[in-house]
Amino acid sequence: MPAERAWFHSAVVYQVYPRSFQDSDGDGIGDLRGVIDRLDHLDALGVDVVWLSPVYPSPQDDNGYDISDYQDIDPTFGTLADFDELLAEAHERGIRVVMDLVVNHTSDEHPWFVESRSSTDSPKRDWYWWRPPREGLAPGAPGAEPTNWHSFFSGSAWQLDEASGEYYLHLFSRKQPDLNWENPQVRQAVYAMMRWWLDRGVDGFRMDVINMISKDLPLRDGTPIDGGPWGDGSPSYICGPRIHEFLQEMHREVFADRAGRLLTVGEMPAVTVEDAVLFTDPARREVDMVFQFEHVGLDHGEHKWDRQPLRLVELKESLGRWQEGLAEVGWNSLYWNNHDQPRAVSRFGDDGEFRVESAKLLATVLHLHRGTPYVYQGEELGMTNVPFEDAGSFQDIESVNYYHAATGQGLLVEEVLDALRLGSRDNARSPVQWDGSPHAGFTTGEPWFPVHPNHVEVNAEQALADPESVFHHYRRLIELRHTDPVVADGDFTMLLREDPAIYAFTRSLDDTTLLVVANFSSEQRAVDGLPDAARWAEAEVLLGSYPSSSGVPAPDEGRPVLRPWEARVLRRTA
Ligand code: TEU
């Protein structure tokens with residue numbers, strides 16, 4: 001059992017992607033007043049924290065993850081007064097508000113970068129990563145980029161600035177130049193901005209690609225990728241040499257003297273269990289938890305667009321290892337999807353015949369693991385991936401850039417479109433489906449992104465009216481985490497690790513044990529090899545992905561039987 005119990009052990013976080021959540025002024029784009037209008041939905045669900053994806057002034061090159069002013073609200077989303085009202089209304093309902101902190105990079109329209117780019121002698125030149133062309137090559141010549149690093153959004157991670165003949169680093173889009181955290185002025189400017197928001201009353205931060213802020217010097221080429229022009233620079237910027245120093249300094253400068261119930265979660269691509277123990281050990285005062293990416297990469301082959309079938313045994317191995325690795329020290333975040341990942345029910349479940357059952361199964365399995373669960377907007381309604389027609393259907397910079405890069409390298413259009421249909425971040429960005437009306441109650445105007453055609457059946461209005469809906473199942477799971485300490489604090493034990501279709505585990509605290517058993521397939525199955533099966537057959541059924549009125553199938557020779565995509569939660573006391 002970990003030394004220290006923290007408030008967020010029994011909390012559930014709801015992620016709002018404001019652009020697609022609720023529009024209040026008819027411009028077809030979600031906004032802060034729209035979030036205010038829907039706070040009762042979050043309150044009814046029972047969540048404790050809302051994480052707001054970026055709402056700061058931004059050219060929206062990467063939908064707000066390219067910030068040009070950290071201490072204001074983009075007019076598309078509203079005003080600081082709207083924000084203060086949202087904060088007050090959320091707090092009124094006992095819901096905390098966590099902001100998105102995007103400080104690995106700024107927008108290229110941020111005054112810091114405008115100043116830095118203005119001249120090689122600019123006092124802010126060293127706030128970013130500027131480098132001359134590769135030795136012996138002229139600026140702009142093929143291969144003249146200072147290193148061969150690939151950008152996450154395709155192409156080189158370096159952009160030439162014609163005026164100075166130098167290149168600047170951008171791990172994401174060229175309109176997202178990386179900040180140079182080696183420069184203490186940069187760090188202090190960021191800390192001051194964070195304190196400004198905390199003084200305003202926000203309750204913490206989700207920190208964007210925060211494990212990329214420390215770069216290993218000198219910057220050097222990475223291993224070439226697929227024989228192409230670019231290389232993998234990640235060994236030079238994933239969990240770099242000063243990352244723990246920077247996060248501990250941030251904690252001292254921003255959080256140390258702030259009592260109360262703040263939450264910090266670091267988004268950390270490629271982070272390992274061992275890293276996460278260091279990052280989330282309360283004694284080290286870095287972050288409360290991290291977003292790790294292992295389980296959302298198990299269906300990736302060479303790269304995220306090279307889709308492979310997901311194998312349940314691998315999913316259990318990965319999530320089980322994270323549970324065991326942070327059992328004594330540290331804390332896990334728990335998520336199936338977010339604004340960067342395809343919809344959970346389409347990816348891990350069955351978004352056709354068993355959409356409701358599999359959405360409830362996924363919620364059951366995730367929410368009863370040990371850690372803090374995150375619900376991505378629309379997940380509580382069982383929203384599904386988008387039926388993209390053609391290349392023009394995609395808006396996300398990562399997807400659009402990949403389409404052009406891949407077809408440019410000769411890949412077949414239909415193959416590329418199929419990969420995008422499965423993996424595009426746009427799958428998560430269709431407007432939330434509030435009702436069955438033409439624009440699903442999202443806007444009275446023309447939505448910036450088409451509403452999913454299945455909104456007629458899949459929507460909040462229907463879900464709230466149906467006690468057996470995915471929504472009410474999430475509400476019950478969140479209630480269980482609030483009321484039963486075994487959910488927040490119980491020890492986790494994985495069972496049936498090698499079973500290709502059954503996911504089973506227990507949570508134990510004092511004399512109480514919960515058993516979660518789930519059938520990740522569209523066929524009815526008897527569960528082989530369940531320890532104490534006979535005793536569990538007598539146990540109390542707490543929750544299930546099938547209506548309780550539908551009863552429980554009779555055991556098969558003492559083995560519990562699960563219907564397609566059925567999950568069951570049982571409790572017994574010793
Ligand atoms: O995402 C970082 C990140 O790892 C993702 O870009 C990921 O590589 C990719 O989406 C998987 O397909 C964060 C934000 O969540 C994302 O929305 C931003 O685009 C990115 O950082 C840059 O700020």
Side-chain angles (χ1 to χ4, degrees), residues 7-8 11 13-19 21 31-33 35-36 39 42 47-58 62-107 110-112 127 176 179 181 185-210 213 246-267 285-289 291 339 374:
W7 69 272
F8 49 77
V13 182
Y14 188 95
Q15 180 192 1
V16 166
Y17 191 71
R19 217 179 161 77
F21 191 64
D31 49 47
L32 291 179
R33 302 213 67 78
V35 181
I36 293 172
L39 279 176
L42 305 188
V47 299
D48 306 278
V49 181
V50 62
W51 150 30
L52 276 181
S53 274
V55 290
Y56 317 96
S58 162
D62 183 19
N63 286 7
Y65 281 89
D66 50 314
I67 298 169
S68 53
D69 180 345
Y70 285 111
Q71 293 177 217
D72 201 348
I73 303 295
D74 192 296
T76 307
F77 296 125
T79 65
L80 278 171
D82 293 330
F83 178 81
D84 292 341
E85 187 179 332
L86 167 59
L87 199 53
E89 290 282 335
H91 286 169
E92 187 70 30
R93 293 166 177 80
I95 298 175
R96 296 176 195 295
V97 176
V98 162
M99 297 295 274
D100 214 310
L101 179 77
V102 187
V103 289
N104 171 71
H105 44 266
T106 68
S107 164
H110 191 292
W112 294 348
W127 281 46
Q176 292 169 297
L179 279 167
W181 275 68
Q185 292 174 356
V186 167
R187 302 198 305 268
Q188 288 306 326
V190 169
Y191 303 153
M193 174 267 288
M194 295 171 74
R195 290 191 294 264
W196 185 85
W197 281 107
L198 292 176
D199 291 345
R200 209 173 184 92
V202 307
D203 307 290
F205 296 98
R206 174 265 186 192
M207 304 179 183
D208 193 64
V209 288
I210 201 70
I213 60 178
F246 290 159
L247 289 177
Q248 289 173 11
E249 180 187 65
M250 177 193 280
H251 196 282
R252 279 195 309 278
E253 299 276 343
V254 177
F255 300 114
D257 60 355
R258 289 175 194 265
R261 299 151 53 100
L262 297 178
L263 183 141
T264 57
V265 53
E267 184 208 26
R285 300 193 183 297
E286 299 186 21
V287 293
D288 296 321
M289 61 193 90
F291 288 136
H339 63 293
Y374 287 72

Taking every heavy atom of V35 against every heavy atom of L86, the minimum-distance pair comes out as CG1-CD1, 3.7 Å

Determine, stepwise, if the pair M194 / M99 fulfils side chain to side chain contact (heavy atoms under 4.5 Å, CB included).
CA-CA 10 Å; M194 295 171 74; M99 297 295 274; over 6 Å; no

Please answer whether the main-chain N or O of E253 pairs with a side-chain N or O of R195 as donor and acceptor at a distance below 3.5 Å.
yes

Parallel, tilted or perpendicular: which fits the ring planes of F83 and W197, with parallel below 30° and perpendicular above 60°?
perpendicular

When you measure from the side chain of T264 to the backbone of V287, do you find a donor-acceptor pair of N or O atoms at a distance under 3.5 Å?
no

Under a 3.5 Å distance rule, please check whether Y56 uses its side chain to pair with a backbone N or O of L101 as donor and acceptor.
no

Once rounded to the nearest 0.5 Å, what's the spacing between atom CE of M289 and atom OH of Y374?
4.0 Å

Ion pair D84/R200, N-O distance below 4.0 Å:
yes

Identified ring-ring contact (aromatic ring centres under 6.0 Å, His included) partner of W51 from the options F291, Y17, F205:
F291

CZ (R285) with more than 12 external heavy atoms under 6.0 Å:
no

Going by the side chain to side chain donor-acceptor pair (under 3.5 Å) test, name the single residue among N104, T106, D62 that passes it with Q176.
D62

Basic-acidic side-chain contact under 4.0 Å: R258, D203
no

Which atom pair, heavy atoms only, marks the closest approach of T79 to L32?
O-CD1, 4.1 Å

Test D72 against L80 for side chain to side chain contact (heavy atoms under 4.5 Å, CB included), laying out the working first.
CA-CA 6 Å; D72 201 348; L80 278 171; 3.6 Å; yes

Looking only at side chains, do S58 and Y65 share a donor and an acceptor under 3.5 Å apart?
no

Any chance you could measure D100, atom CG, to D208, atom CG, to the nearest 0.5 Å?
5.5 Å

Under the ring-ring contact (aromatic ring centres under 6.0 Å, His included) test, residues paired with F255 that sit two or more places apart
H251

Without swapping roles, check the side chain of W181 against the backbone of V103 for a donor-acceptor pair under 3.5 Å.
yes

Please lay out, stage by stage, how L179 and W112 fare under the test side chain to side chain contact (heavy atoms under 4.5 Å, CB included).
CA-CA 10 Å; L179 279 167; W112 294 348; 4.0 Å; yes

